[in-house]
Novice: 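There's a structure below that I have some questions on.
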Amino acid sequence: MMELEWFTVSTPLPTGSMRVAVTAQGVAAAAFNPRESVGLPPGTELADPAGDRRAAAVAAQFADYFAGRRQDLDLPVDWRLTSGVQRTVLRTLHRSVGWGRTITYGGLADLSGAFEPGLPAGAPARTVGSIAGSCPISLLVPCHRVVAADGLGGFGGGAEGMAVKRWLLTREGVLDPELDWTG
DNA sequence: AGGCAATCTAATG
DNA sequence: CATTAGATTGCCT
């Protein structure tokens with residue numbers, strides 16, 4: 001039984017605040033929309049970031065990140081919620097794609113080496129999309145920096161999610177605030 | 001420029 | 001165990 005400690009971090013994002021879970025190993029989950037209790041084990045109580053050391057550290061870095069005082073989060077990640085190809089892809093993404101950089105779905109698939117060569121170009125890319133879509137550790141693992149070969153790509157959470165993705169990429173200087181990236 | 005088929009993983013009944 | 005859905009791509013018309 002892993003000790004997931006959930007708490008809420010307020011952000012300037014269109015979705016308001018994020019919900020984050022930490023364990024003894026590091027950050028295990030981070031979801032944009034607090035209303036959706038994705039992966040939230042029943043019976044878990046929200047901790048008070050001010051009263052918990054780990055939560056406070058995470059909340060502080062998130063605050064710095066959103067305020068523009070910090071570009072890359074320096075927090076340990078607990079990969080226990082991921083497995084198999086998902087873990088491979090997400091870890092590749094986490095270590096390879098930094099601030100202000102983006103990678104295409106196909107590119108990430110290729111880089112991760114989790115897929116056999118010779119497959120049609122679109123197949124692994126779609127899988128990467130699925131994986132990123134169920135990315136349990138948003139923001140820390142830069143799921144929002146994964147874009148389509150042709151345009152911006154999509155994002156979970158519908159229109160709200162897209163707003164978040166655009167917000168983040170704009171803030172990282174990848175997108176021009178005034179222009180659409182879809183060319 | 002717009003439409004279509006191929007292919008992979010994770011989640012659910 | 002089988003079926004469904006999903007944040008894609010490249011080629012053809």
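Sequence lines set the chain letters: A, B, ... in the order given, protein chains first and strands last, and positions in each chain run from 1. If you're wondering where the values come from, they're calculated on a predicted model, not measured in any experiment.
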Novice: Identify all pairs in which a protein N or O lies below 3.5 Å from an N or O of nucleotides 7-10 of chain B, and state each distance.
Specialist:
from	atom 1	to	atom 2	distance (Å)
B:dC8	O4'	A:Thr127	OG1	2.9
B:dC8	O2	A:Thr127	OG1	3.0

Novice: Which heavy atom of A:Ala28 sits nearest to which heavy atom of A:Thr23, and what is that distance?
Specialist: CB-CG2, 3.7 Å
Novice: How close or far is atom C1' of C:dT9 from atom CG of A:Leu152, stated in whole angstroms?
Specialist: 16 Å
Novice: Please give me the minimum heavy-atom distance between A:Trp6 and A:Ala29, naming the atom from each residue.
Specialist: CH2-CB, 3.8 Å
Novice: Quick check: closest heavy atoms across A:Lys165 and A:Leu152, and the distance to 0.1 Å?
Specialist: NZ-O, 3.0 Å
Novice: Could you please spell out the steps behind the side-chain contact (heavy atoms from CB on, under 4.5 Å) verdict for A:Leu90 and A:Trp79?
Specialist: CA-CA 9 Å; A:Leu90 291 181; A:Trp79 298 99; 3.7 Å; yes
Novice: Please state how far atom CG in A:Leu93 lies from atom C1' in C:dA7, giving the value in whole angstrom units.
Specialist: 13 Å
Novice: Go ahead and write out DNA chain C as dot-bracket, 5' to 3': ( ) for pairs within the strand, [ ] for ones crossing earlier pairs, | when the partner sits on another strand, dots for unpaired; Watson-Crick or G-U wobble, both distances under 3.5 Å.
Specialist: ||||||.||||||
Novice: Carefully, step by step, assess A:Gln61 and A:Asp74 under the rule side-chain contact (heavy atoms from CB on, under 4.5 Å).
Specialist: CA-CA 8 Å; A:Gln61 286 208 15; A:Asp74 183 25; 4.1 Å; yes
Novice: Determine all donor-acceptor pairs shorter than 3.5 Å in which one atom belongs to a side chain in residues 91-111 of chain A; sequence neighbours excluded.
Specialist:
from	atom 1	to	atom 2	distance (Å)
A:Thr92	OG1	A:Thr88	O	2.8
A:Ser96	OG	A:Thr92	O	2.7
A:Thr104	OG1	A:Gly107	N	2.9
A:Tyr105	OH	A:Val146	O	3.4

Novice: Heavy atoms only: give me the nearest A:Gly68-A:Arg171 pair and the separation to one decimal.
Specialist: CA-NH2, 3.0 Å
Novice: Step by step, work out the side-chain contact (heavy atoms from CB on, under 4.5 Å) result for A:Phe7 and A:Asp48.
Specialist: CA-CA 6 Å; A:Phe7 57 94; A:Asp48 183 6; over 6 Å; no
Novice: So what does A:Ala132 touch, heavy atoms closer than 4.0 Å: a base, only the sugar-phosphate, or nothing?
Specialist: base
Novice: So, using side-chain hydrogen bond (donor to acceptor under 3.5 Å, both in side chains) as the criterion, who are the partners of A:Arg166 when residues are at least two apart?
Specialist: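 Result, side-chain hydrogen bond (donor to acceptor under 3.5 Å, both in side chains) vs A:Arg166: none returned.
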Novice: Classify A:Gly133 by what it touches in the nucleic acid, base, sugar-phosphate, or nothing, heavy-atom distance under 4.0 Å.
Specialist: base
Novice: Please report the shortest heavy-atom distance between A:Pro49 and A:Ala55, naming the atom on each side.
Specialist: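 Shortest heavy-atom contact: CA-CB, 3.8 Å.
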Novice: Among all residues two or more places apart in sequence or in another chain, which pass the ring pair (Phe, Tyr, Trp, His ring centres under 6.0 Å) test with A:Trp167?
Specialist: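 For A:Trp167 there are no ring pair (Phe, Tyr, Trp, His ring centres under 6.0 Å) partners, ignoring immediate neighbours.
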Novice: Reckon A:Cys143 touches a base, only the sugar-phosphate, or nothing at all at heavy-atom distances under 4.0 Å?
Specialist: base
Novice: Where along residues 95-111 of chain A does a heavy atom fall under 4.0 Å from DNA chain B?
Specialist: none
